Amino acid sequence: MIQTLQYVPEYEEDLIYPALCRSLSALGIEKDMRPGLKVVIKPNLIMAKRPEHPVTTHPLVIRGMVRWLNEHGVTDITLAESSGGLYNGEYMKNVYNTCGMRQLEPALHLNMDFSARTVNCPDGFANHSFHIITPVVEADYVINICKLKTHAMTGYSGGIKNLFGVIPGLEKPQLHYRWPRLADFSRMLLELARTVNPQLTIIDAIDAMEGNGPTGGTSHPLHLLLAARDLYTQDYFAAGLMKLDPMKIEMIRQAVEAGLARPGEIELAGDPVPENLTPFKLPDTKKLDFSGNLPKFLEKPFVFFAARLLKSFPQVDREKCVGCGKCAESCPAHVIRIARVRRPGASGSIKKAVFRRKGCISCFCCQEMCPVKAISVKKAL
Ligand code: SF4
Ligand code: SF4
């Protein structure tokens with residue numbers, strides 16, 4: 001399995017484009033190209049954030065990919081994503097504008113078809129089909145361009161997790177509700193990735209996110225651009241670059257067990273792995289989880305007793321909360337309401353989010369969607 005790694009010091013088109021050319025050439029991607037090929041680029045546009053924040057795929061990485069496709073005779077290129085929150089014209093226009101995607105037109109078509117199709121999942125153990133946004137279903141060739149991040153629920157977000165954005169709008173929280181256990185949710189992500197089966201996955205790690213990802217963390221630049229055909233093994237490799245143990249990331253562990261990720265077969269092309277890599281800060285949800293360091297015979301009793309104590313819950317900072325309702329909209333368990341509360345030290349009331357702990361499945365969709373970082377994590381301990 002060829003894994004490419006290119007050093008890219010900053011977001012500059014003149015640096016990104018040659019790095020992409022070298023990567024795609026090492027992977028032999030030009031052999032896949034033909035006139036008339038219908039290509040869909042699936043970025044990470046989880047929320048409307050400007051490109052200087054390490055939340056979304058940087059537009060210059062996408063621009064480089066589009067330029068390369070054009071130079072190989074491919075012009076039918078659509079950018080398709082279902083962000084967190086609603087999936088409609090008004091919502092996605094704001095996401096496209098804020099995330100810098102508008103500047104990519106007209107070389108790239110920004111998807112405005114908000115329909116979805118049911119697609120069978122041939123090897124699905126638990127998910128026999130998925131409802132997937134139409135452009136991805138109709139594409140001849142899917143290019144998955146994600147952002148490297150830590151993630152409150154899954155611990156890590158790269159190529160596999162990015163494909164969750166092919167599920168339309170608020171159907172995503174429904175899947176969280178259906179699979180509240182991390183093991184089941186991770187298996188669903190793998191089944192979804194096998195259903196979408198992108199031909200190429202690029203990881204934008206020029207700047208990456210550590211801490212309370214996927215939206216509330218901070219910048220941790222790696223100055224690297226990664227590309228591979230095999231997204232599973234690439235995620236194993238990329239987690240290692242963050243100094244995370246890939247076998248403690250449930251979706252990667254399952255991918256290795258299922259034979260999808262084959263870390264022993266990595267052939268590195270491009271630049272060497274930098275020597276000065278530093279560990280990524282973990283999300284608050286994962287900080288107290290030391291179960292992985294226990295002797296085997298203690299694991300089961302530990303998990304049983306500690307699960308309740310170590311369970312993480314969201315906690316809202318009333319000062320910061322602006323009452324926008326995005327958390328309530330995305331909560332699959334419907335345990336958040338927007339209520340009018342008294343203004344401290346003033347007359348009248350103001351809208352704020354109110355959380356009920358009972359029923360919360362700790363999926364952290366609410367934290368993901370909060371535009372002002374008003375939601376933090378509290379351990380039951
Ligand atoms: S309150 Fe937040 S963490 Fe709990 S179920 Fe709702 S979205 Fe998930
Ligand atoms: S907690 Fe965040 S997402 Fe929820 S209403 Fe307040 S500001 Fe909006």
Side-chain angles (χ1 to χ4, degrees), residues 4 6-24 29 39-72 74-85 87 89-112 133 135-136 139 141-149 157-159 161-163 165-166 198 200-209 213-215 217-227 238 371:
T4 73
Q6 295 287 334
Y7 173 69
V8 180
E10 55 188 309
Y11 288 108
E12 285 282 343
E13 191 171 351
D14 293 347
L15 299 170
I16 294 171
Y17 182 66
L20 264 177
C21 290
R22 290 192 292 275
S23 300
L24 303 180
I29 301 295
V39 172
V40 158
I41 293 178
K42 163 67 183 81
N44 181 336
L45 302 180
I46 185 169
M47 74 190 316
K49 276 277 177 191
R50 298 206 52 78
E52 55 270 24
H53 299 285
V55 175
T56 52
T57 305
H58 200 283
L60 289 180
V61 177
I62 298 172
R63 185 193 288 283
M65 188 68 234
V66 171
R67 184 172 155 193
W68 186 93
L69 287 165
N70 287 167
E71 284 176 11
H72 288 78
V74 175
T75 52
D76 186 349
I77 311 164
T78 300
L79 183 106
E81 163 74 318
S82 164
S83 305
Y87 186 52
E90 196 187 338
Y91 195 92
M92 288 309 300
K93 267 184 202 165
N94 181 35
V95 169
Y96 293 148
N97 290 340
T98 312
C99 298
M101 297 298 133
R102 279 279 171 229
Q103 56 174 279
L104 305 174
E105 289 178 309
L108 176 74
H109 167 67
L110 299 177
N111 175 50
M112 291 298 278
I133 58 175
V136 171
Y141 203 90
V142 176
I143 303 176
N144 183 23
I145 312 186
C146 62
K147 191 82 171 167
L148 189 66
K149 304 181 204 176
S157 179
K161 180 68 178 65
N162 192 44
L163 294 174
V166 303
L200 169 66
T201 296
I202 295 171
I203 300 185
D204 168 9
I206 300 172
D207 194 6
M209 179 179 280
T215 58
T218 48
S219 161
H220 187 140
L222 284 183
H223 308 293
L224 295 174
L225 200 57
L226 281 71

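Both backbone and side-chain heavy atoms feed into the values below; hydrogens, waters and symmetry mates do not. Bear in mind that the values here come from a model prediction, so they are computed numbers and not experimental data.
If you take SG on Cys21 and CD1 on Ile16, they are separated by 12.0 Å, rounding to the nearest 0.5 Å. Between Ile41 atom CD1 and Thr78 atom OG1 the span is 9.0 Å, to the nearest 0.5 Å. We find the CG-CD distance between Asn111 and Glu81 to be 10.5 Å, quoted to the nearest 0.5 Å. The structure places SG of Cys99 at 9.0 Å from CG of Asn44, a figure rounded to the nearest 0.5 Å. With values rounded to the nearest 0.5 angstrom, Met47 atom CE is found 10.0 Å from Thr98 atom OG1.
Shortest non-hydrogen contact noted between Leu226 and Ala205 is CD1-CB, 4.4 Å. When all heavy atoms of Lys42 and Val166 are compared, the closest pair comes out as CE-N, 3.9 Å. The shortest non-hydrogen separation linking Ala238 to Leu148 is CB-CD1, 3.9 Å. In this structure, Ser23 and Gln6 approach most closely via the heavy-atom pair OG-CG, 3.3 Å.
We find that Glu105 and Arg102 are joined by a salt bridge, their nearest charged nitrogen and carboxylate oxygen being less than 4.0 Å apart.
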Distance-only criterion, 3.5 Å: show the donor-acceptor pairs between side-chain atoms of residues 58-70 and protein atoms not counting sequence neighbours.
unit_1: His58; atom_1: ND1; unit_2: Leu60; atom_2: N; d: 3.1
unit_1: Arg63; atom_1: NH2; unit_2: Gln103; atom_2: OE1; d: 3.1
unit_1: Asn70; atom_1: ND2; unit_2: Val74; atom_2: O; d: 2.9

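Tyr91 is linked by a ring-ring contact (aromatic ring centres under 6.0 Å, His included) to nothing, counting only residues two or more places apart in sequence or in another chain.
Ser219 and Asp207 share a side-chain donor-acceptor pair at under 3.5 Å.
The closest donor-acceptor contact from the side chain of Lys147 to the backbone of Pro54 lies at 3.5 Å or more, if one exists at all.
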